[in-house]
Amino acid sequence: MALAPGTLFTGHDLTCIRGERLVFAGLDFAIGAGDAVLLVGANGSGKSSLLRLMAGLLRPAGGAVRWGGESIAIDPEAHNARLHYVGHLDPVKAALTVAENLAFWARLGNGSGVVTEALKTFDSASLSDVPGRFLSAGQKRRANLARLAASEATLWLLDEPTTALDAAATSCLMKAIARHRAGGGMVAISTHVELALDGARRLDLDTFARQPDPVEAAP
Amino acid sequence: MDPITSFFHMGGYGAYVWPSFVITLVVLGALFANSLSFLRAGETALKELQDEDVATEDEASDEA
Amino acid sequence: MRRAFEIMRRDLRLALRQGVDSLMAVVFFVLAVVLFPLGVGPEANILARIAAGVIWVAALLASMLSLERLFQTDYDDGSLELLALSPVALELVVLAKVVAHWLTTGVPLIVAAPVLAVLLDMDAQGFVVLIVALGLGTPTMSLIGSVGAALILGARRGGVLLSLLVLPLFIPVLIFGVAAVDAAIGGFAARPHLMILSGLLIGAVALCPWASAASLRQSLE
Amino acid sequence: MLHRFANPTRFLRLSAALLPWTAGLTLILLIAGLFLALFGSPADYQQGETVRIMYVHVPAAWMALFCYSCMAGASAVGLIWKHPLADMAAKATAPIGTCFTFLALVTGSLWGKPMWGAWWVWDARLTSVLILFFLYLGYMALHNAFDDPTRGARSAAILALVGFVNVPIIKFSVDWWNTLHQPSSVVKAGGPAIHPSMLTPLLLMGLAFTTYYLWVLLLRLRAEIVAGKVRAVRLRRAHG
């Protein structure tokens with residue numbers, strides 16, 4: 001994980017509009033190597049929106065998201081190459097086996113397609129030849145999380161990763177995150193559950209939601 | 001044929017000339033009416049919402 | 001480019017694993033053409049006269065019916081988000097998926113077309129040009145259709161809406177496709193029509209992935 | 001300045017000032033145009049009185065294309081600069097363009113019956129206008145096929161641009177198709193050179209339709225802004 005020391009993943013005065021609703025305004029963040037940021041806040045306060053902003057799926061209505069000082073919108077492919085995004089849905093195709101699913105996503109990223117190791121980190125090695133249609137929600141989520149280990153990425157963006165996970169799987173995830181941070185990686189997690197992440201900073205989105213409504217923002 | 005009927009007769013093609021003008025005016029008028037009602041409906045809805053806002057603020061100030 | 005081929009390979013594997021779905025387009029194509037003699041009457045001279053038009057309209061409708069699935073399944077299970085976040089340009093992702101879609105639905109239509117031409121007593125001179133014209137037309141339809149498929153993601157009643165959006169845009173392909181076959185049958189040169197068809201294809205390859213990618217980005221916001 | 005917060009009040013003031021002018025201008029032009037069209041101009045030596053339908057059919061066809069171009073332009077501005085007013089202008093233009101296209105079709109068929117003996121003739125221009133009508137229907141159907149209005153506006157904007165690129169291609173292919181199947185050239189509507197006394201009512205009606213478009217556009221834009229405010233109030237209540 002060659003990461004120039006001190007490169008920061010930063011957000012400046014971010015304003016996010018979803019549909020016609022102002023989600024948050026004037027939000028700043030900064031994540032360095034080895035950092036972990038917990039996004040907390042009420043439902044609809046914009047946790048998922050912020051993660052999508054960080055990933056580049058969503059363009060900010062105002063402000064900019066920068067990687068090492070350069071806006072991510074300039075070279076989206078380069079930004080995609082250095083991140084893993086885990087959303088609410090688990091993209092496991094019913095017709096493909098878990099190993100095939102994982103190998104596809106790995107080769108699409110920077111991985112080599114050898115996935116047995118990655119499956120072990122989330123102790124779903126036994127599922128490798130099981131087609132997607134037979135998996136439970138928890139197994140699908142573990143297969144999805146296995147993508148994190150299957151290919152290298154500096155920035156992990158996890159949107160409520162612990163949903164549908166049992167205690168054992170959650171501890172696997174925590175161990176994987178700890179190893180990732182030790183290697184200089186960055187993590188941003190949105191969660192409702194209290195996560196045992198030492199040294200993780202909290203970013204409460206409720207403090208950024210109280211802004212005037214855009215339509216009424218008349219002089 | 002006195003001038004009035006000849007005016008409507010339109011050299012035998014009255015059945016085509018008049019409907020095309022009438023349909024045009026009807027469609028343009030209907031579109032205008034629709035736009036106007038769309039605007040009025042919005043304004044009344046907005047007014048009601050604002051009145052409700054004012055009402056809730058009064059109640060809030062009474063309780064405080 | 002390796003990653004684009006990776007996406008295409010996965011789509012082809014998915015299509016072959018669920019083989020039945022991609023055959024639906026061909027079955028519809030054959031059925032639609034078979035209905036015409038039942039409706040218009042079996043007289044050979046009438047059928048021969050309208051054969052090119054019937055085959056082209058049925059091919060157009062068949063390829064359009066299978067377009068809705070192009071992005072919808074990936075959109076529903078979250079794969080589309082990850083594809084948009086992969087280090088390959090979204091335009092290339094669209095191109096890879098369109099080529100996979102064309103291979104699974106377009107090519108079977110081209111294979112089935114001569115058989116149906118025989119059913120409709122089409123003049124033998126027209127067969128080769130029919131295949132070449134469909135070979136140029138079906139990829140254009142898949143490309144233009146991919147724009148429609150991307151636009152209706154997340155819309156209510158997407159299927160019907162897709163046909164309303166996409167059919168007017170198919171009209172140039174239909175006109176020159178049928179004109180090419182009719183010219184061949186009539187003994188005229190079919191080259192100018194085929195040249196225009198390939199022009200439409202090249203234009204579609206240049207513009208449609210860009211438009212589809214733009215509307216995919218909108219739908220993922 | 002954040003276009004997202006482009007405040008509509010400046011536009012509301014501007015449109016309030018413009019509305020009476022566009023309304024008055026439209027009515028004056030319409031009355032003058034209709035008077036000249038029905039009484040002021042001579043009958044055509046070939047077509048007789050039916051040529052008067054041209055004074056409604058041709059401007060309607062002009063406006064059908066003009067509105068589509070405005071819609072595509074507004075969509076482009078809305079997509080590139082994300083300006084909410086541009087999106088609203090595109091949305092407000094669509095129904096007006098659809099009405100003009102519908103009028104062009106109806107008056108075209110009313111004109112075709114006495115001249116070519118059939119209510120519908122697959123003439124190149126009429127067919128292109130018919131396809132343009134479907135492009136409009138597709139635009140409006142896509143626009144409100146989404147629960148989130150911004151999402152609908154964005155998708156429809158892309159469709160308007162794709163459609164705009166395709167209009168000349170469709171026009172070219174329909175003309176080619178027409179020459180393939182109808183070698184004899186059909187009497188050109190409006191004739192090679194329009195007699196000057198016929199030209200003035202035609203231009204007057206064209207201008208009347210244009211100012212009518214501006215008038216109804218301003219009305220619908222104000223309605224869209226008010227509807228936006230209503231949605232915003234309801235949204236704020238939902239999210240507290």
Side-chain angles (χ1 to χ4, degrees), chain A residues 16-19 23 48-49 51-61 72-73 75-97 100-113 131-133 140-141 144 147 151-153 155 157 159, chain C residues 1-23 69-97 100 104 150 153-156 209-210 213-221:
Chain A
C16 171
I17 304 262
R18 289 299 295 271
V23 180
S48 297
S49 303
L51 280 175
R52 295 175 79 89
L53 269 177
M54 290 176 174
L57 280 174
L58 188 58
R59 271 184 302 286
I72 59 170
D75 185 356
E77 275 79 51
H79 187 57
N80 291 346
R82 51 176 175 259
L83 69 84
H84 270 314
Y85 174 77
V86 173
H88 296 299
L89 300 170
D90 297 321
V92 178
K93 288 291 179 189
L96 298 176
T97 67
E100 282 168 340
N101 271 303
L102 202 50
F104 168 70
W105 292 115
R107 277 198 295 277
L108 207 53
N110 326 327
S112 65
R133 69 175 71 88
K140 270 197 184 138
R141 173 54 60 136
N144 187 12
R147 277 187 309 110
S151 67
E152 286 300 321
L155 173 66
L157 302 170
D159 197 345
Chain C
M1 279 311 282
R2 171 183 66 81
R3 291 189 173 99
F5 282 111
E6 200 63 49
I7 295 170
M8 192 164 64
R9 228 154 49 86
R10 183 196 71 147
D11 267 28
L12 284 177
R13 185 185 296 165
L14 275 175
L16 297 180
R17 289 253 172 103
Q18 294 148 334
V20 175
D21 300 356
S22 52
L23 282 184
R69 236 177 358 82
L70 188 59
F71 298 119
Q72 193 64 47
T73 41
D74 283 342
Y75 179 77
D76 295 338
D77 71 9
S79 304
L80 203 57
E81 264 176 6
L82 292 186
L83 287 175
L85 288 176
S86 63
V88 58
L90 195 51
E91 286 76 8
L92 264 179
V93 172
V94 168
L95 212 56
K97 289 186 78 65
T104 50
L153 284 177
R156 297 187 300 271
W210 182 73
S215 51
L216 283 182
R217 281 191 197 94
Q218 304 292 2
S219 67
L220 291 172
E221 270 198 358

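Side-chain atoms are counted along with the backbone in the values below, which use heavy atoms only and exclude waters and symmetry mates. Just so we're on the same page: letters track the sequence lines, and every chain starts at 1. What you see is a predicted model, and the numbers here were worked out from it, not measured in a lab.
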When C/Leu80, C/Leu82, C/Leu220 are compared by non-hydrogen pairs under 4.5 Å with chain A, the top option: C/Leu82

Side chain to side chain contact (heavy atoms under 4.5 Å, CB included) evaluation trace for A/Arg52 with A/Cys16: CA-CA 10 Å; A/Arg52 295 175 79 89; A/Cys16 171; over 6 Å; no

Working for side chain to side chain contact (heavy atoms under 4.5 Å, CB included), residues C/Ser86 and A/Asn80: CA-CA 6 Å; C/Ser86 63; A/Asn80 291 346; 5.8 Å; no

Interchain contact, A/Arg18 with chain C, by part (heavy-atom threshold 4.5 Å): side chain

Part of C/Leu85 within contact of chain A (heavy atom distance under 4.5 Å): both

A/Arg141 side chain vs A/His88 backbone, donor-acceptor pair below 3.5 Å: yes

Side chain / backbone / both / neither for C/Glu81 at chain A, heavy atoms under 4.5 Å: both

Pair C/Glu6-C/Arg3, salt bridge (Lys or Arg N to Asp or Glu O under 4.0 Å): steps then yes or no: CA-CA 5 Å; C/Glu6 200 63 49; C/Arg3 291 189 173 99; over 6 Å; no

A/Arg82 and A/Glu77: CA distance, side-chain angles, deciding distance, salt bridge (Lys or Arg N to Asp or Glu O under 4.0 Å) verdict: CA-CA 9 Å; A/Arg82 51 176 175 259; A/Glu77 275 79 51; over 6 Å; no

Donor-acceptor side-chain pairing of A/Asp159 and A/Ser48 below 3.5 angstrom: yes

C/Asp74 versus chain A, the contacting section by heavy-atom distance below 4.5 Å: both

Max heavy-atom pair count under 4.5 Å with chain C, selected residue of A/Ala81, A/Ser49, A/Gly56: A/Ala81

Proximity breakdown for C/Ile7 and chain A, heavy-atom pairs closer than 4.5 Å: both

